[in-house]
Each structure stands twice: as structure tokens, then as C-alpha cells.
Amino acid sequence: RVSALVLRRLSAILMWILSNAWFEILYRDRESVLAWEQGLCFVPTSEIIAVEETDLNKKQRNSGKWQKMAKLHAFTVYYVKKAQNHRWRCSDVTFWCVDEQLCNQWIQALKELLELQTRPKQLLVYINPYGGKRQGKRIYEQKVAPLFSLASISTDVFVTERANHAKDNLFEVNINKYDGVVCVGGDGMFSEVMHGLIGRMQKDSGIDQNNPKAPLVQCNIRIGIIPAGSTDCVCYSTVGISDPVTSALHIILGDSQPLDVSSVHHNNTFLKYTVSLLGYGFYGDVLKDSEKKRWMGPMRYDYSGFKTFLSHHCYEGTISFQPAKHTLGSPRDKDSCRTGCHICRQSEQQLAEQRKKCGLKHEEDEEEWKVIKGKFLAINAVNMSCACPRSPKGLSPAAHLADGSADLILVRKCSRFDFLRYLVRHTNQDDQFDFSFVDVYRVKSFQFTSKLLEDNESDVTDIGKKHFGQFCRDHPACCCNIANSTWNCDGETLDSSAIEVRVHCQLMKLFARGIEENHKEAVSNQSRVEQLL
Ligand SMILES: CCCCCCCCCCCCC/C=C/[C@@H](O)[C@H](CO)NC(=O)CCCCCCCCCCCCCCC
Ligand SMILES: Nc1ncnc2c1ncn2[C@@H]1O[C@H](COP(=O)(O)OP(=O)(O)OP(=O)(O)O)[C@@H](O)[C@H]1O
Ligand SMILES: [Ca+2]
């Protein structure tokens, strides 16, 4: 290790000398490293976007410079430049020399290196022209398509004409032709594409989605998200920023991030899949109200949020859940899920071992269920942190993208002021779970039944109890809503007062790599390693 360090230092000095001369390319282990005039700069081949021959002589002729010089030959390397806050940009550098053969050799060598990377070559793209601020088409055409063409990616592009157009289309297309599916839109559009892909996978494998216990088939075709929606929570939580160019570059490099998906059932009927927020009470009511105000664009959430906050409805019901014992993490952890997360890796292995051991036995049924009854302002189940521009740390900052668990957050009945304090903590660094009225559990499955439904089911003959007004008749001071709330399932409303939810570990994959450690954190970790050496 010490000699590797010394070698690296030596090669750095050598590169500095070379960078003042013509161009040079050095190899460090099997990774190529480029050095150029501006001083030292390392670019791993995995972060080179494209290599192109450059007609430098044409440029020079036009500018009138270099006229007395010999004919030059050049190539341009396009690479990922990492900026602040997880933002990526496409940068380029041109290398030149007088020897045409040498120049061609470098172009050839770099292209061969790029060929060795497993990157998407053919993509299927769905654009929702009405998501967010209705900029999806413009964003794709101006910011994304030029990058795909630079990276020699061919695309089949569909601009959707109605809701569920993309989902329906995914059941018909020749899916094996593609290396991935890209959706341009928000969380709702992503959800549509995910339902299409997972549904298609199960259909092709003869799996019945209505069976809540069916082991679902993993979906290996990756989805790329170009954010053009109102919340863009899935993109933000998996990339660290909601930025179309950054996401396009993650797709081009062929990044891969597995993702947990939860299935939602009612009475052996499949309802939906969810990857981000499945929320009852506050977030369900915000969504339901905001759907009527779509014309307001992303602002609709603030308007409906404020209205719902003032209405302060709570809902009574029973939640039963199975704690996620296979994972090392806890929702109160200080560390968050980051690129290459060891908790996600360990949890996946643990689940695979459990499955091997138990074979076809439904061991899950035998595991303990915890039951909680109460009155809640919000019941939020999140498969990931749910970070988004409105809430940069998310609803559960320590939730993991791919650990086979969800965080179940129960916000019990409390005063408006306390609920506001809780909401404000979505937006700052303070601990959201440090309230007497908030409980959080890491679970692998859960069920919810509203009190209204329980009452109706337990006494179907009592017609009086079927009327909503009955519910709080015995408690005149109670703020509980007389009707049920709805579920906010990744931004889609779901009307069911009884649901069964099960987390499927790493059911699908995204063109992403999780949130990378901050540069500062990474540098301090690196210097710690060097001190150790
Ligand atoms: C006082 C400041 C409080 C600010 C609270 C900000 C909370 C932001 C939480 C965002 C959580 C996102 C979870 C992701 C959900 C997505 O799958 C889904 C589809 O895109 N988006 C929403 O449902 C969109 C949900 C958007 C909900 C916005 C709620 C805004 C509440 C405003 C309350 C104001 C009270 C002011 C009282 C003086
Ligand atoms: N051509 C279309 N016309 C109408 N609706 C569409 C069309 N294409 C897709 N949709 C639907 O629009 C809904 C919302 O789209 P999308 O998620 O892109 O934007 P958003 O709701 O503004 O953003 P977010 O989900 O991030 O809050 C999706 O549920 C999708 O099914
Ligand atoms: Ca998870």
C-alpha cells in the first residue's frame, strides 16, 4: 500500500511535467488517467462520456491563429465534472499533436476502453408533457437528447397523450430490445413506468400480482428518471439533486442502484406498488385536495398543505406490523444511506440466506406482529428517506434505498402547534422523531384498518353504525374525521380503508448510484486513511 502511495505521488509529479508539454495519457493500474495543461486532473474511464476526433485545423483557420504551425491532429474527451451539491456537468478537454497516427491510436485506445464499460446503447423514453411546470418536452430536447446523442445512445421517444399511456405501452413493446427505460416527469410518471415494468415482468413470468405473498420476479431493466415534476422525490433521494443534466449523465455512465418496492393489497387484490411515500391522514388529504388544483403547478401542494394543516383532521385505526429484524440499521441512526451502502448490502445477503434456509415455507407468517391502535394525524410509510427540495433530509433521513425495509412513522393526535413543530423539522436538521407523539419503526410488512371499517365489519347488521356520523357520536370533543382519509401512494391517491403492505427487497433498479458522500467528507476520510497508512 505504501509503495502504491509513493508510485501515485511520483506519477503525479511526472504528470505535472508532462502536462506542460504536448499531451500524454498515463495508465494507473487498469484505470486510465488523463493529465492536461490546467494542471492535474484525474478522470477515471468510468466517468468519460465520449471521445471524438476534433477538426482543430478548421477551428484554427477560422480564427486566423496558428497559421504558421504544422498541421495539427486532435481529439476531444468529454467527461463528468462533479460540482457542488451532487450536481454533475459535461466538461471537455481537447488534446492535440502533429502525429496523425499517434492521435488516431489514442482515439482508438480510449474508445476501446469505453467499450469495456457496460453502458446503455438503446433506451426507451417516455415524456409526460404535463408534469410539474409542463417543461418535460423542452427539458428532454434541450438538455438530455444532445447528451444521449454525444454518448451514441439511440432512443425511441414517446410523448404521452394521457395518464397510463406509458404503463399500457410497456405491456406491448418488445422490451428486450432496450437496455433501459427513461421517464421524463415527476414521481407520478416514474410510478407509472415502474408499474408497467414490474407488471410486465410478473406477467411474462406467470406470477399473480393479486397474491400478496407471491415472490415477485426482480426487474433487471433499469429505469432512469429525468426530473420534470413537482416533487421529484425519487430522483432527489437516489441522486442527491433534482437536475436533468445530472440524471442524464448517470444514465449515460450506466449507473445502477437497486431499490426496495412495497406492494399494497386489499383482500387479495393488488392495488399499487410504492417506492417513496405511502401516507394516510395528512399527506393523503394534501394530495387529494391538490389534485383538484393541478392547474396551479407545484404550488398546489403549498396551498393544499396549508388548508389541510388548518383542518387538523385525525383518523382512528389499527396498525399491525412485522419489525425488520434482518437489517442492522435503525430509523434513529445518525448515518444515512450512501453510495455502496454496507447496510443495504448486508440486509440483502441476510434476506437471501433466510430465503434459502426456509425454502418454500412461509416463515414470515410465523414471525411476531405488533399491534397499535390509536388516533393519528399522519401514518407515513417510507421506503427511502423521501428527501426532496422541500425537505432536503426527507421524512426519514436514515431510511435505506435497498435494505428490504420501510420506516413506519406514526404521528399521533396532538395540538396544531405540535404538528407544526413536527412539519418544520422536515425542513431543518433537528430530529423529527424526538417528539412524544411521534413513533417510528423499521418494518418489513404492515397492515392498516380504519376504525370506521372495523366497526362496519364487526357489526354489519347494525345499520346505524354504517353511517359516518356514528363514528364520533360518543366523543363530541374528538377531532377525528368522520370519514376515512385516502392514501398518498407516491403521489397517486388510493382509496382503501384497509391495506396490506409488504416490502420487496431490491425489486427493481435505477440508473443512479445513491447519494455520494460529500466531497469534504470524502477528502477527510481519505486523509484519515493516509494517516493510518
Ligand atoms: C411550515 C413549513 C412546513 C413545511 C413542510 C414541508 C414538508 C415537505 C414534505 C415533502 C414530503 C415529500 C414526500 C414525497 C412524496 C411524493 O411521493 C409525492 C409525489 O410526488 N409528493 C407529495 O405528495 C407532495 C407532498 C407535499 C406536501 C407539502 C406540504 C406542505 C405543508 C405546508 C404546511 C404549512 C403550515 C403553515 C402554518 C402556518
Ligand atoms: N399526457 C398526459 N396527460 C395527462 N396526464 C398524464 C399524461 N402523461 C402522464 N400523466 C400522468 O400525470 C401524472 C403526474 O405526472 P408527474 O408525476 O410527471 O408530475 P407531477 O405530479 O407534477 O410531479 P410529482 O409526482 O413529482 O409531484 C402521473 O400520474 C401520470 O400518470
Ligand atoms: Ca428501504
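Numbering of ligands and ligand atoms starts at 1, following listing order. Just the heavy atoms: all of them, side chains too, but no hydrogens, waters or symmetry mates, feed the values below.
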**Message:** Can you report which non-hydrogen protein atom sits closest to atom 19 (O) of ligand 2, along with the distance?
**Reply:** Gly131 CA, 3.4 Å

**Item:** Carboxylate-amine/guanidinium proximity below 4.0 Å for Lys177 and Asp156
**Value:** yes

**Asked** Is there at least one pair of N or O atoms, one from Asn488 and one from ligand 1, spaced under 3.5 Å apart?
**Response** yes

**Request:** Taking atom types as modelled, find out whether Tyr273 and Gln209 have a side-chain donor-acceptor pair closer than 3.5 angstrom.
**Result:** yes

**Fill in**
ligand 2 to Gly132, heavy atom cutoff 4.0 Å, flagged ligand atoms 19 (O), 20 (P), 22 (O)

**Message:** Leu408 and side-chain contact (heavy atoms from CB on, under 4.5 Å): which single residue from Val382, Ile379, Asp439 fits?
**Reply:** Ile379

**Prompt:** Among protein heavy atoms, which lies nearest atom 8 (C) of ligand 1, and at what distance?
**Reply:** Arg390 CB, 4.0 Å

**Message:** Please report whether ligand 1 has a polar contact with Thr231, defined as an N or O pair separated by less than 3.5 Å (distance criterion only).
**Reply:** yes

**Message:** Side chain, backbone, both or neither: which applies to Met189 and ligand 2 if a contact is any heavy-atom pair less than 4.0 Å apart?
**Reply:** both

**Request:** Answer yes or no for Asp490: is there a heavy-atom contact with ligand 1 below 4.0 Å?
**Result:** yes

**Request:** Give the atoms of ligand 1, by number and element, whose distance to some non-hydrogen atom of Gly491 is under 4.0 Å.
**Result:** 17 (O), 18 (C), 19 (C)

**Request:** Output yes when the distance from some N or O of ligand 2 to some N or O of Gly186 is under 3.5 Å, and no in every other case.
**Result:** yes

**Distance-only donor-acceptor check, side chains Tyr236 and Asp243, under 3.5 Å** = no

**Message:** Testing the basics here: between Ile252 and Ala151, what is the closest heavy-atom pair and its distance to 0.1 Å?
**Reply:** CG2-CB, 3.5 Å

**Item:** Rounded distance [0.5 Å steps], OG in Ser450 versus CD1 in Ile499
**Value:** 11.0 Å

**Asked** Among the heavy atoms of Ser276, does any lie under 4.0 Å from an atom of ligand 1?
**Response** yes

**Request:** Could you tell me if the ring centre of Tyr422 sits under 6.0 Å from that of His426?
**Result:** yes

**Item:** Side chains of Asp490 and Ser191, donor plus acceptor under 3.5 Å
**Value:** no

**Prompt:** How close does the nearest protein non-hydrogen atom get to atom 28 (C) of ligand 1, and which residue and atom is it?
**Reply:** Tyr301 O, 4.1 Å

**Prompt:** Is it true that Glu141 and Arg138 have a side-chain N and a carboxylate O under 4.0 angstrom from each other?
**Reply:** no

**Request:** Would you check whether Tyr301 reaches within less than 4.0 Å of ligand 2, judged by its heavy atoms?
**Result:** yes

**Within-shell test, Ala163 vs ligand 2, heavy atom, strictly < 4.0 Å** = yes

**Message:** Are any of the N/O atoms on Gly188, whether in the backbone or the side chain, positioned under 3.5 angstrom from an N/O atom of ligand 2?
**Reply:** yes

**Request:** Distance to 0.1 Å, residue and atom name: give those for the protein heavy atom nearest to atom 12 (C) of ligand 1.
**Result:** Cys388 SG, 3.9 Å

**Distance (rounded to the nearest 0.5 Å) between Gln447 CD and Gln322 CD** = 8.5 Å

**Message:** So Glu368 and Pro323, do their side chains get closer than 4.5 Å, heavy atoms only?
**Reply:** yes

**Request:** Quick one: closest heavy-atom pair of Ser263 and His504, and the distance?
**Result:** OG-NE2, 2.9 Å

**Request:** Specify the protein heavy atom at minimum distance from atom 32 (C) of ligand 1: its residue, its atom name, and the distance to 0.1 Å.
**Result:** Gly305 C, 4.0 Å

**Message:** Using a 4.0 Å cut-off to any heavy atom of Thr160, which atoms of ligand 2 qualify?
**Reply:** 1 (N), 2 (C), 7 (C), 8 (N), 9 (C)

**Any donor-acceptor N or O pair under 3.5 Å, side chains Ser405, His400** = no

**Asked** Which residue from Tyr126, Tyr130, Phe190 reaches closest to atom 3 (N) of ligand 2 through any of its heavy atoms?
**Response** Tyr130

**Message:** Return the CD to CD distance between Gln350 and Glu353, rounded to the nearest 0.5 Å.
**Reply:** 6.0 Å

**Complete:** In ligand 1, the atoms that come under 4.0 Å of a heavy atom of Tyr283 are 7 (C), 9 (C), 27 (C)

**Message:** For a quick check under 3.5 Å, do Arg412 and Ser436 share a side-chain donor-acceptor pair by atom type?
**Reply:** no

**Message:** Please classify the Arg300 to ligand 2 contact at 4.0 Å (heavy-atom distances, strictly less than): side chain, backbone, both or neither.
**Reply:** side chain

**Message:** Students should be able to answer this: which protein heavy-atom is nearest to atom 4 (C) of ligand 1, and at what distance?
**Reply:** Thr427 CG2, 3.9 Å

**Prompt:** Is there a protein heavy atom at a distance of less than 4.0 Å from atom 2 (C) of ligand 1?
**Reply:** no

**Asked** How far is atom 5 (C) of ligand 1 from its nearest protein heavy atom, and which residue and atom name does that atom have?
**Response** Leu423 O, 3.9 Å

**Prompt:** Taking N or O atoms only and a 3.5 Å limit, does Asn128 qualify as a polar contact for ligand 2?
**Reply:** yes

**Asked** When only distance counts, is Asp187 in polar contact with ligand 1, meaning an N/O pair under 3.5 Å?
**Response** yes

**Prompt:** What residue and atom, counting heavy atoms only, is the protein's closest point to atom 38 (C) of ligand 1, and at what distance?
**Reply:** Phe306 CE1, 4.1 Å

**Request:** With heavy atoms of Phe309 as the reference, note each atom of ligand 1 found under 4.0 Å away.
**Result:** 35 (C), 37 (C)

**Prompt:** Do the side-chain N and O atoms of Asp285 and Thr308 include a donor-acceptor pair separated by under 3.5 angstrom?
**Reply:** no

**Asked** So, Asp403 and Ser347: side-chain donor and acceptor under 3.5 Å apart, yes or no?
**Response** no

**Distance-only side-chain donor-acceptor flag, Lys509 / Ser256, under 3.5 Å** = no

**Message:** Assess, by modelled atom type and distance only, whether the side chains of Glu291 and Thr493 contain a donor and an acceptor separated by less than 3.5 Å.
**Reply:** no

**Complete:** Distance col, row His265:NE2 vs Leu271:CG, nearest 0.5 angstrom, shows 7.5 Å

**Prompt:** Under 4.0 Å from any heavy atom of His426, which atoms of ligand 1 are there?
**Reply:** 7 (C)

**Message:** For the Ca ion (ligand 3), what is the number of protein N, O or S atoms at a distance under 3.0 Å?
**Reply:** 5

**Prompt:** Nearest protein heavy atom to atom 23 (O) of ligand 2, by residue and atom, and its distance?
**Reply:** Ser230 N, 2.8 Å

**Fill in**
Distance col, row Ile127:CD1 vs His165:NE2, nearest 0.5 angstrom, shows 12.5 Å

**Item:** Atoms of ligand 2 close to Gly185 [distance to a heavy atom under 4.0 angstrom, numbered from 1]
**Value:** 18 (O)

**Part of Lys167 within contact of ligand 2 (heavy atoms, under 4.0 Å)** = neither

**Fill in**
Rounded to the nearest 0.5 Å, the OG atom of Ser396 sits from the CZ atom of Arg332 at a distance of 10.0 Å

**Message:** As a check for students: among Glu492, Glu192, Arg294, identify the option with a heavy atom nearest to atom 14 (C) of ligand 2.
**Reply:** Arg294

**Complete:** protein heavy-atom neighbour closest to atom 11 (C) of ligand 1 works out as Leu395 CD2, 4.0 Å

